[in-house]
2 protein chains.
Amino acid sequence: MRPMTAARTSSPADRSQLGLRERKKIKTREAIRTATYALIKEQGYDATTIDQIAERAEVSPSTVFRYFPTKEDIVLTDEYDPILLEELRSRPADEPWTDSIRYVMREAVRTGVEEDAEVARLRTHLMVQVPAVRSRMMQSMSVTGRMLCTAIAERTGSDPDSLEVRVYAMSLIGGLMETSLYWAENDHRDDFASLVDRTLTVLARGLPHENR
Amino acid sequence: MRPMTAARTSSPADRSQLGLRERKKIKTREAIRTATYALIKEQGYDATTIDQIAERAEVSPSTVFRYFPTKEDIVLTDEYDPILLEELRSRPADEPWTDSIRYVMREAVRTGVEEDAEVARLRTHLMVQVPAVRSRMMQSMSVTGRMLCTAIAERTGSDPDSLEVRVYAMSLIGGLMETSLYWAENDHRDDFASLVDRTLTVLARGLPHENR
DNA sequence: CCATGAAATGAGAGTAGCTCTCAAAATGTA
DNA sequence: TACATTTTGAGAGCTACTCTCATTTCATGG
């Protein structure tokens, strides 16, 4: 999951371990991202072309596509899923697993937003503004959903491919997606962690105070 | 909502009422859709170009884009939302609204699949196979989600823009989306209405038989 | 330190979705 | 039949994205 978090650049400690080649690749990746963010802030998403990004990052357009499959991915890509899965597995086995999910989600959100609040805001903002970005986000969320399925199945001893587990996971994803949009639409005024908390409560107990 | 239903072509009775112009427009629209479905069945989605579609439908490529904003829309577009909203409003006020939703969803699904089972299958199949189609579907589902927000808010007297209502609606949408995918991935062997029933149960009561 | 192999990059051509403009054709109306 | 409006076609143009191939950059063993 990566509701709207910053890039998880490998820590500087690791980087000096790597060969010149690897380090250069990381630098290029960052250069492209940085250039993209800057250009989008200046001109908006649609007005920013790959050629412009390439020029500012001082690479060729070909290279941009070598690093990122699509324009949306430059803004969004990150790999939080394995970390999330790891954390979910490391929760005590006797903890009710809905609590585990709540804990892990809150944790993921916290580190994500804290790491680079500005990028988090830009990303959610683009999710609201640019349909292509929103779509790409949903797509990556659904990958996270499949991962959640395996985690939930492990924990509950059920089949990860069963309709029930899949529906549960995707409803969770859908809810969290909407939470991100809500946050951005309200100009990031709310505390995102609290919003996530409320979301998980709704998902667990349904809408409050109504004739259900 | 339109989980994977057929085109709602206006009934023939209405059509003769319209002028030549309107009738021709409807015919063109249908020709483009028919051509697209046929070509996709022959060659697959990606291999089918707009030019081919235009040629088979005997219109110019420009006209194709005049009728459908994107290629995905040729496969997916329909407007069931108003009907869904209408049906939801016509449910008795004292019925628990979760029951109303269950009833309306089941009804929508039933008419949708019955209307043209083959198209329903093709659509869900494409949702699984083609990321662009899936994305477009999710996008249109989220529109349905907003509509659901107003309906739920009407019924429960809550704010349609509140986080809780929005999260609830989108988790519903996410769950139903996954149901469609599940149906297609299992080669449409299951009875779709039953799947929807199970989905709504999960959403209402969570996963069964587990340590929650 | 250099030669050899591998990996990364750049240049460029090509495809297809999609937009926009403008003139021609089809249709409704007086 | 003549005029006004709507619909269509033709075509130019933009951009994301793919693929190929030559060139450059780095790693490594002698």
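Residue numbers start from 1 in every chain, and the chains themselves are labelled A, B, ... in the order their sequence lines are given, proteins ahead of strands.
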Q) Is NZ or CZ of B:Lys25 both nearer than 6.0 Å to the six-membered ring centre of B:Tyr67 and within 45° of the ring axis? A) no

Q.
Can you say whether a donor on the side chain of A:Arg21 sits under 3.5 Å from an acceptor on the base of D:dT25, or the other way round?
A. yes

(Q) If I take atom OG from residue A:Ser171 and atom OH from residue B:Tyr168, how far apart are they, to the nearest 0.5 angstrom? (A) 10.5 Å

Q) When you look at A:Asp161 and A:Arg146, which way does the salt bridge (charged side-chain N to carboxylate O under 4.0 Å, His left out) test go after all the steps? A) CA-CA 9 Å; A:Asp161 297 321; A:Arg146 297 311 304 246; 3.4 Å; yes

Q. Atom CG of B:Asp46 to atom P of D:dT18: distance rounded to whole Å?
A. 11 Å

Distance-only criterion, 3.5 Å: show the donor-acceptor pairs between side-chain atoms of residues 125-134 of chain A and protein atoms not counting sequence neighbours.
| residue | atom | partner | partner atom | Å |
| --- | --- | --- | --- | --- |
| A:Arg134 | NH1 | A:Met127 | O | 2.8 |
| A:Arg134 | NH1 | A:Val128 | O | 3.0 |

Q) Taking atom P of D:dA27 as reference, at what distance in whole Å does atom CD of A:Glu22 sit? A) 9 Å

Q. What are the 5'-most and 3'-most nucleotides of DNA chain C lying under 4.0 Å from any heavy atom of chain A?
A. C:dA6 to C:dG12

Q) In residues 48-67 of chain B, which ones come under 4.0 Å of DNA chain D, going by heavy atoms? A) B:Val59, B:Ser60, B:Ser62, B:Thr63, B:Arg66, B:Tyr67

Q) Hey, which of these two, B:Lys24 or B:Pro69, hits DNA chain C nearer its 5' end, going by closest nucleotide? A) B:Pro69

Q: Could you please spell out the steps behind the salt bridge (charged side-chain N to carboxylate O under 4.0 Å, His left out) verdict for B:Glu185 and A:Arg166?
A: CA-CA 12 Å; B:Glu185 282 175 22; A:Arg166 287 181 56 178; 2.9 Å; yes

Q. Parallel, tilted or perpendicular: which fits the ring planes of A:His188 and A:Trp183, with parallel below 30° and perpendicular above 60°?
A. perpendicular

(Q) Between B:Tyr37 and B:Arg123, is there a side-chain donor-acceptor contact under 3.5 Å, judged purely by atom types and distance? (A) yes

Q: Spell out, as yes or no, whether a donor-acceptor pair under 3.5 Å connects the side chain of B:Arg136 to the backbone of B:Leu76.
A: no

**Q.** Between D:dT15 (P) and A:Lys71 (NZ): distance, integer Å
**A.** 9 Å

